[in-house]
Amino acid sequence: MVPIALTVNGRALQALVEPRTHLADFLREHCRLTGTHLGCEHGVCGACTVLVDGEPVRACLMFAVQAEGRKVTTVRGLTGEGEELHPLQRSFLEHAGSQCGFCTPGMLLTAKWYLDHHPRAGREELRGALAGNLCRCTGYTKILDAVEAYRDVELSHVD
């Protein structure tokens, strides 16, 4: 077992982990943050996407020990204390951006990160940014509608 210390969704944690434990398994099993979904476990589907030090990472490809001293944000970390839903989550709800919900956490974190860095991204740019997150239910149209609606609301606060 290896000791690690990291911050998950703003909370400092210390744990003992097997060196082979993937970050996704650590988040799901040790932290009970089951919003980090495991799909392909090969880094292809994007369901396990989390933010590590603000950057999107496939948690199925990263070992928990690699998160030592880092800040990890899961889908649950999108909301602040006392908030029910982040505005992007609310937009997914209002625009039917998720159906089964399996891909949704990875989609949300990827979209949030991308729009934080490219706030005026157009639909095709957003489509490209989300291309690494696979969805079997929606056909992506409603996901893109939800992300665009969130983007437009966020831009209205800036302009």
Side-chain angles (χ1 to χ4, degrees), residues 1-93 97-98 100-121 125-135 140 143-144 146-147 150-151 153-155 157-158:
M1 298 291 267
V2 176
I4 60 170
L6 67 157
T7 302
V8 178
N9 296 337
R11 194 172 124 230
L13 295 175
Q14 293 183 355
L16 290 173
V17 297
E18 292 285 341
R20 67 178 180 263
T21 302
H22 287 100
L23 181 58
D25 293 325
F26 173 78
L27 293 169
R28 291 181 59 78
E29 295 168 16
H30 179 82
C31 302
R32 301 288 183 231
L33 295 169
T34 57
T36 301
H37 294 159
L38 285 166
C40 67
E41 297 190 50
H42 294 284
V44 176
C45 73
C48 67
T49 302
V50 297
L51 303 179
V52 177
D53 292 336
E55 297 294 318
V57 169
R58 303 291 204 233
C60 74
L61 296 180
M62 182 177 187
F63 292 113
V65 295
Q66 292 176 288
E68 166 68 32
R70 301 176 84 179
K71 294 178 181 174
V72 177
T73 304
T74 71
V75 69
R76 192 171 295 167
L78 279 178
T79 58
E81 241 353 91
E83 292 180 37
E84 279 188 41
L85 294 175
H86 182 275
L88 182 55
Q89 291 170 309
R90 190 173 329 287
S91 188
F92 266 63
L93 181 64
S98 61
C100 81
F102 195 81
C103 71
T104 304
M107 289 282 188
L108 287 164
L109 289 164
T110 301
K112 175 77 170 78
W113 175 84
Y114 193 77
L115 286 173
D116 284 350
H117 291 83
H118 307 278
R120 298 183 187 286
E125 291 172 282
L126 293 170
R127 184 185 309 277
L130 296 174
N133 294 74
L134 304 180
C135 175
Y140 302 94
I143 292 169
L144 288 167
V147 174
Y150 167 76
R151 177 207 58 207
V153 169
E154 290 300 301
L155 283 176
H157 290 82
V158 174

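Predicted, not measured: the structure shown is a model, and the values here were computed from it.
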task: Kindly determine whether E154 and L88 satisfy side-chain contact (heavy atoms from CB on, under 4.5 Å), including the steps that lead there.
output: CA-CA 10 Å; E154 290 300 301; L88 182 55; over 6 Å; no
- request: Compare every heavy atom of A64 with every heavy atom of I4, then report the nearest pair and how far apart it is.
  value: CD1-O, 3.8 Å
field: Closest approach of G39 to A47 (non-hydrogen atoms, all atoms of both residues)
entry: N-CB, 4.3 Å
- line: Sequence neighbours excluded, the answer for side chain to side chain contact (heavy atoms under 4.5 Å, CB included) partners of R76 is N9, L33, T74
- request: Check whether any side-chain heavy atom of P19 lies under 4.5 Å from a side-chain heavy atom of V2, and answer yes or no.
  value: yes
message: Can you list everything that forms a salt bridge (Lys or Arg N to Asp or Glu O under 4.0 Å) with R20? Sequence neighbours excluded, please.
response: E18
query: Roughly how far apart are F102 CZ and L38 CG, rounded to 0.5 Å?
result: 7.0 Å
task: Would you indicate whether the side-chain heavy atoms of R151 and L126 approach each other to under 4.5 Å?
output: yes
- request: Specify the closest pair of heavy atoms between M1 and L16, including all atoms of both residues, with the distance to one decimal.
  value: CE-O, 3.5 Å
task: Starting at NE2 of H37, measure out to CZ of R28 and round the result to the nearest 0.5 Å.
output: 6.0 Å
- request: Mind listing the closest non-hydrogen atom pair of H86 and L78 along with its distance?
  value: CD2-O, 3.3 Å
field: Test log, rule side-chain contact (heavy atoms from CB on, under 4.5 Å), inputs Y140 and L134
entry: CA-CA 9 Å; Y140 302 94; L134 304 180; 4.1 Å; yes
query: What closest approach, in Å, do Y114 and A121 show between heavy atoms, and which atom pair accounts for it?
result: CE2-CB, 3.6 Å
task: Looking only at non-hydrogen atoms, find the nearest pair between L23 and A67 and report the distance.
output: CD1-CB, 4.2 Å
- request: Could you grab the distance from atom CG of L108 to atom OG of S91, nearest 0.5 Å is fine?
  value: 9.5 Å
task: With sequence neighbours excluded, give me every salt bridge (charged side-chain N to carboxylate O under 4.0 Å, His left out) pair touching residues 34-62.
output: D53-R70
message: Tell me whether H42 contacts the main-chain N or O of V44 through its side chain, where contact means a donor paired with an acceptor under 3.5 Å.
response: no
query: Nearest 0.5 Å, what's the CD1-OG1 distance between I143 and T110?
result: 11.0 Å
field: Spacing of CG belonging to L109 relative to CG belonging to L51, to within rounding of 0.5 Å
entry: 5.0 Å
message: Test your reading of the model: is there a side-chain donor-acceptor pair from Y150 to the backbone of P87, 3.5 Å cut-off?
response: no
field: SG-NE2 distance between C48 and H22, expressed to the nearest 0.5 angstrom
entry: 9.5 Å
message: Using 30° and 60° as the class boundaries, would you call the ring planes of F26 and H30 parallel, tilted or perpendicular?
response: parallel
- prompt: Do M107 and V147 have side chains that get closer than 4.5 Å, going by heavy atoms?
  reply: no
